[in-house]
Enquirer: 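There's a structure below that I have some questions on.
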Amino acid sequence: VQLQASGGGLVQAGGSLRLSCVASGRTFSSYAMGWFRQAPGKEREFVAVISWSVGSTDYADSVKGRFTISRDNAKNTVFLQMNSLKPEDTAVYYCAAGSRFLPKAVREYAYWGQGTQVTVSS
């Protein structure tokens, strides 16, 4: 599976961004899709995940109520809608594909995209 993330940018606090991740290669719908982020000097952290069967999702506590993950299996694409952005959301955001149900650990993902930068100014 090859993953291509896009949609990052510079936004003011309180603003919104929508990230997209397009997959190619193996059957996209067979994988759980997750978003992670990594800020400078910090470890990569879990943000959100959606199961291969649409309807099951999970989020990091820090983004619950602000971020929404969704997927379109017909278009091999997963989205991350980010609202009410805060400066602490600034990071490189990565999409990833994993074969387990709602994986949340980095080691549970086999495939990774290249990352897209999100910068939130105060």
Side-chain angles (χ1 to χ4, degrees):
V1 177
Q2 292 80 44
L3 304 174
Q4 181 73 37
S6 62
L10 174 63
V11 64
Q12 289 187 335
S16 298
L17 282 175
R18 189 191 196 203
L19 305 183
S20 299
C21 177
V22 179
S24 60
R26 296 188 178 182
T27 307
F28 172 76
S29 59
S30 299
Y31 291 90
M33 297 298 299
W35 286 97
F36 286 73
R37 65 187 182 187
Q38 188 167 16
K42 295 187 177 181
E43 293 187 352
R44 193 168 297 189
E45 65 174 3
F46 167 77
V47 174
V49 61
I50 187 166
S51 67
W52 65 269
S53 58
V54 176
S56 297
T57 59
D58 200 0
Y59 297 90
D61 289 343
S62 58
V63 306
K64 281 181 181 177
R66 300 189 298 122
F67 291 10
T68 302
I69 189 171
S70 61
R71 68 190 293 166
D72 184 340
N73 286 342
K75 297 182 179 180
N76 286 0
T77 303
V78 62
F79 305 97
L80 186 67
Q81 178 66 44
M82 305 186 295
N83 299 328
S84 302
L85 282 162
K86 304 175 181 180
E88 51 263 45
D89 294 318
T90 296
V92 177
Y93 283 71
Y94 298 88
C95 61
S99 57
R100 301 187 66 178
F101 182 72
L102 295 180
K104 298 174 67 173
V106 170
R107 65 181 182 276
E108 295 181 291
Y109 287 82
Y111 305 99
W112 291 84
Q114 86 289 359
T116 184
Q117 176 70 47
V118 171
T119 303
V120 184
S121 63
S122 57

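As the structure is a prediction and not an experimental result, all values here were calculated from the model.
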Enquirer: Just how far is it from atom SG of C95 to atom CZ of R71, taken to the nearest 0.5 Å?
Expert: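 Going from the SG atom of C95 to the CZ atom of R71 covers 11.5 Å.
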
Enquirer: Is a side-chain donor or acceptor of Y59 paired with a backbone partner of I69 at a separation under 3.5 angstrom?
Expert: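 The answer is yes, because a donor-acceptor pair under 3.5 Å joins these two groups.
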
Enquirer: Tracing side-chain links under 4.5 Å among I, L, V, M, F, W and Y, which residues wind up in one group with V106?
Expert: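 So far as hydrophobic clustering goes, V106 is joined with F36, F46, V49, V92, Y94, F101, L102, Y109, W112.
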
Enquirer: So among L19, V63, I50, which one has a side chain to side chain contact (heavy atoms under 4.5 Å, CB included) with W35?
Expert: L19

Enquirer: So how far is it from Y93 OH to S6 OG, rounded to the nearest 0.5 Å?
Expert: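 Separation between the atoms: 15.0 Å.
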
Enquirer: Is the backbone of V22 close enough, under 3.5 Å, to the side chain of T77 for a donor and an acceptor to pair up by distance?
Expert: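 No, because the side chain of T77 does not come within donor-acceptor range (under 3.5 Å) of the backbone of V22.
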
Enquirer: Do V11 and M82 have side chains that approach each other closer than 4.5 Å (heavy atoms only, starting at C-beta)?
Expert: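 Counting from C-beta outward, V11 and M82 never come under 4.5 Å.
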
Enquirer: Indicate the atoms forming the closest heavy-atom contact of R100 with A32, along with that distance.
Expert: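 Heavy-atom minimum between the residues: O-CB, 3.4 Å.
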
Enquirer: Could you please spell out the steps behind the side chain to side chain contact (heavy atoms under 4.5 Å, CB included) verdict for Q117 and T90?
Expert: CA-CA 8 Å; Q117 176 70 47; T90 296; 4.1 Å; yes

Enquirer: For a 4.5 angstrom cut-off between non-hydrogen side-chain atoms, does L85 reach Q12?
Expert: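 Not in contact.
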
Enquirer: If you compare all heavy atoms of T116 against all heavy atoms of G8, which two are closest, and at what distance to 0.1 Å?
Expert: OG1-N, 3.1 Å

Enquirer: Is there a side-chain contact between S62 and R37, using heavy atoms and a 4.5 Å cut-off?
Expert: yes

Enquirer: CE/M33 to CG/N76 distance, rounded to the nearest 0.5 angstrom?
Expert: 9.0 Å

Enquirer: Tell me whether D89 is salt-bridged to K86, with the criterion being a basic N under 4.0 Å from an acidic carboxylate O.
Expert: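 The answer is no: the pair does not qualify as a salt bridge.
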
Enquirer: Quick one: CG on L3 to CD on Q114, what's the gap to the nearest 0.5 Å?
Expert: 9.0 Å

Enquirer: Measuring only between side-chain heavy atoms, which start at C-beta, is D72 closer than 4.5 Å to F79?
Expert: yes

